[in-house]
> 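Questions regarding the structure given below will be posed in turn.
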Amino acid sequence: MRQQPFFIFLLNSSQRRLQRWIESHRQPDFQVSAAQAGVLFVLEKQDGALAGDIAQTLDLVPSAVSGLIDRMQRQQLLERKKCPQDGRATRLWLTPLGKDQLTLFKTQLAALNLRLTQGFTSDELAIVERWLNHIRQEFQD
């Protein structure tokens, strides 16, 4: 009888290797980290989002997003504007440079996604997707 694999080890190891590969294979004109790219993707769908919304979408603690946003603002990838409905809140908006960097990352991501899925049938990939979504739902904070 085959021993069941240690999925937590495989998930963690795979995620770390994938992150390192992404960082080491960045295009020369690509200026953002994988975490920053996540923020750009959120803002592409929801330009003007609050930092808390970004933290929730990316499954990050708010303090991590705060530092990320500070760095991205210094790099001119996004800008902060006061929320017209709530003067205490700040909304985040993509800059032209942020949009350009997002386009570059999408190109790299499309090639990576192709590599990740190569050799698997659509039925197998549907099971992997369902399993990963199950994990995300099962272990919500």
Side-chain angles (χ1 to χ4, degrees), residues 1-86 88-141:
M1 184 162 116
R2 183 173 184 256
Q3 182 178 351
Q4 188 171 18
F6 291 103
F7 288 113
I8 191 68
F9 168 76
L10 291 172
L11 280 170
N12 285 330
S13 176
S14 297
Q15 189 271 339
R16 283 191 303 273
R17 286 183 184 199
L18 194 54
Q19 289 292 84
R20 283 193 308 264
W21 189 92
I22 290 170
E23 293 298 330
S24 68
H25 288 81
R26 287 193 304 189
Q27 298 171 5
D29 49 351
F30 192 65
Q31 302 171 16
V32 300
S33 68
Q36 291 173 327
V39 173
L40 295 178
F41 275 108
V42 172
L43 291 177
E44 177 187 39
K45 291 186 178 182
Q46 189 183 353
D47 214 13
L50 297 168
D53 296 336
I54 292 172
Q56 186 176 17
T57 301
L58 298 177
D59 288 329
L60 297 172
V61 294
S63 59
V65 171
S66 180
L68 196 56
I69 289 168
D70 288 343
R71 288 187 297 280
M72 292 178 75
Q73 186 177 18
R74 283 193 300 273
Q75 290 174 271
Q76 300 178 358
L77 298 167
L78 56 79
E79 59 184 345
R80 292 179 165 139
K81 295 181 185 176
K82 290 282 183 195
C83 177
Q85 293 82 15
D86 180 356
R88 298 168 296 166
T90 303
R91 295 201 172 267
L92 304 167
W93 302 88
L94 281 174
T95 63
L97 178 60
K99 290 176 184 177
D100 290 346
Q101 290 294 300
L102 183 59
T103 300
L104 289 172
F105 196 74
K106 280 182 174 182
T107 302
Q108 182 180 11
L109 197 57
L112 178 57
N113 205 47
L114 186 62
R115 185 171 174 187
L116 286 171
T117 58
Q118 189 173 10
F120 293 91
T121 67
S122 58
D123 288 342
E124 289 171 326
L125 293 172
I127 291 169
V128 171
E129 180 182 16
R130 185 171 70 86
W131 184 69
L132 291 172
N133 281 323
H134 167 76
I135 292 170
R136 292 186 69 215
Q137 291 171 357
E138 187 69 25
F139 295 96
Q140 289 183 30
D141 294 336

> Could you tell me if Arg80 and Gln73 have a donor-acceptor pair between their side chains, going purely by distance under 3.5 Å?
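Checked: Gln73/Arg80 side chains pair up, N/O donor to acceptor below 3.5 Å.
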
> Minimum heavy-atom separation for Leu43 to Leu92, with atom names?
CD2-O, 3.4 Å

> Go through it in stages, so that I can follow the logic: the residues are Leu112 and Trp21, the test is side chain to side chain contact (heavy atoms under 4.5 Å, CB included), and I'd like the CA-CA distance, side-chain angles, deciding distance and then a yes or no.
CA-CA 10 Å; Leu112 178 57; Trp21 189 92; 3.7 Å; yes

> With a 4.5 Å cut-off on side-chain heavy atoms, are Asp59 and Phe139 touching?
no

> Donor-acceptor pair, Ser66 side chain versus Pro62 backbone, under 3.5 Å?
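Absent.
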
> Could you measure the distance from the CG atom of Asn12 to the CZ atom of Arg17? Nearest 0.5 Å is fine.
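It is 12.5 Å, given to the nearest 0.5 Å.
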
> For the CZ atom of Phe41 and the CG atom of Leu109, what is their distance to the nearest 0.5 Å?
5.0 Å

> Do Val39 and Val32 come within less than 4.5 Å of each other through their side chains, counting heavy atoms only?
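Answer no - side chains too far apart.
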
> Would you compute the distance between atom CD1 of Ile135 and atom CD of Gln137 and round it to the nearest 0.5 angstrom?
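It comes to 11.0 Å.
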
> Which atoms form the tightest heavy-atom contact between Ala34 and Ile22, and what is the distance?
CB-CG2, 4.4 Å

> Testing Leu97, Ile69, Ile54 for side-chain contact (heavy atoms from CB on, under 4.5 Å) with Leu78, which one passes?
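The side-chain contact (heavy atoms from CB on, under 4.5 Å) with Leu78 is passed solely by Ile69 among Leu97, Ile69, Ile54.
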
> Return the minimal non-hydrogen interatomic distance between Trp93 and Asp47, and the atom names on each side.
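Closest heavy-atom pair between Trp93 and Asp47: CA-OD1, 3.2 Å.
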
> Return yes if some donor-acceptor pair links the side-chain N/O of Thr95 with the main-chain N/O of Leu77 below 3.5 Å, else return no.
yes

> Within the side chain of Thr117, is there an N or O that forms a donor-acceptor pair under 3.5 Å with the backbone of Asn113?
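At least one qualifying donor-acceptor pair exists.
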
> How long is the span from the CD atom in Glu129 to the CD atom in Glu124, to the nearest 0.5 Å?
14.0 Å

> Other residues, nucleotides and ligands only: do more than 12 of their heavy atoms fall within 6.0 Å of CD on Gln108?
yes

> So, for Gln4 and Phe7, which heavy atoms are closest and what is the spacing to 0.1 Å?
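Gln4 and Phe7 have their closest heavy atoms at NE2-CE1, 3.6 Å.
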
> To the closest 0.5 Å, what do you measure between CG (Leu125) and CG (Leu132)?
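Reported value, rounded in 0.5 Å steps: 10.5 Å.
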
> Would the distance check show the side chain of Arg71 and the main-chain N or O of Gly67 forming a donor-acceptor pair, the cut-off being under 3.5 Å?
yes

> Walk me through it: do Leu58 and Val65 pass the test side chain to side chain contact (heavy atoms under 4.5 Å, CB included)?
CA-CA 9 Å; Leu58 298 177; Val65 171; 5.6 Å; no

> Shortest non-hydrogen contact from Ala35 to Leu68?
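Scanning both residues completely, I find the closest heavy atoms to be O-CD2, 3.8 Å.
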
> Measure the shortest side-chain to side-chain distance between Gln101 and Met72 over non-hydrogen atoms and say whether it is less than 4.5 angstrom.
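The answer is no; the side chains never approach within 4.5 Å.
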
> Mind listing the closest non-hydrogen atom pair of Cys83 and Arg91 along with its distance?
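In this case the closest contact between Cys83 and Arg91 is SG-NE, 3.3 Å.
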
> Checking Gln75 against Gln36: is there a side-chain donor and acceptor pair closer than 3.5 Å?
yes

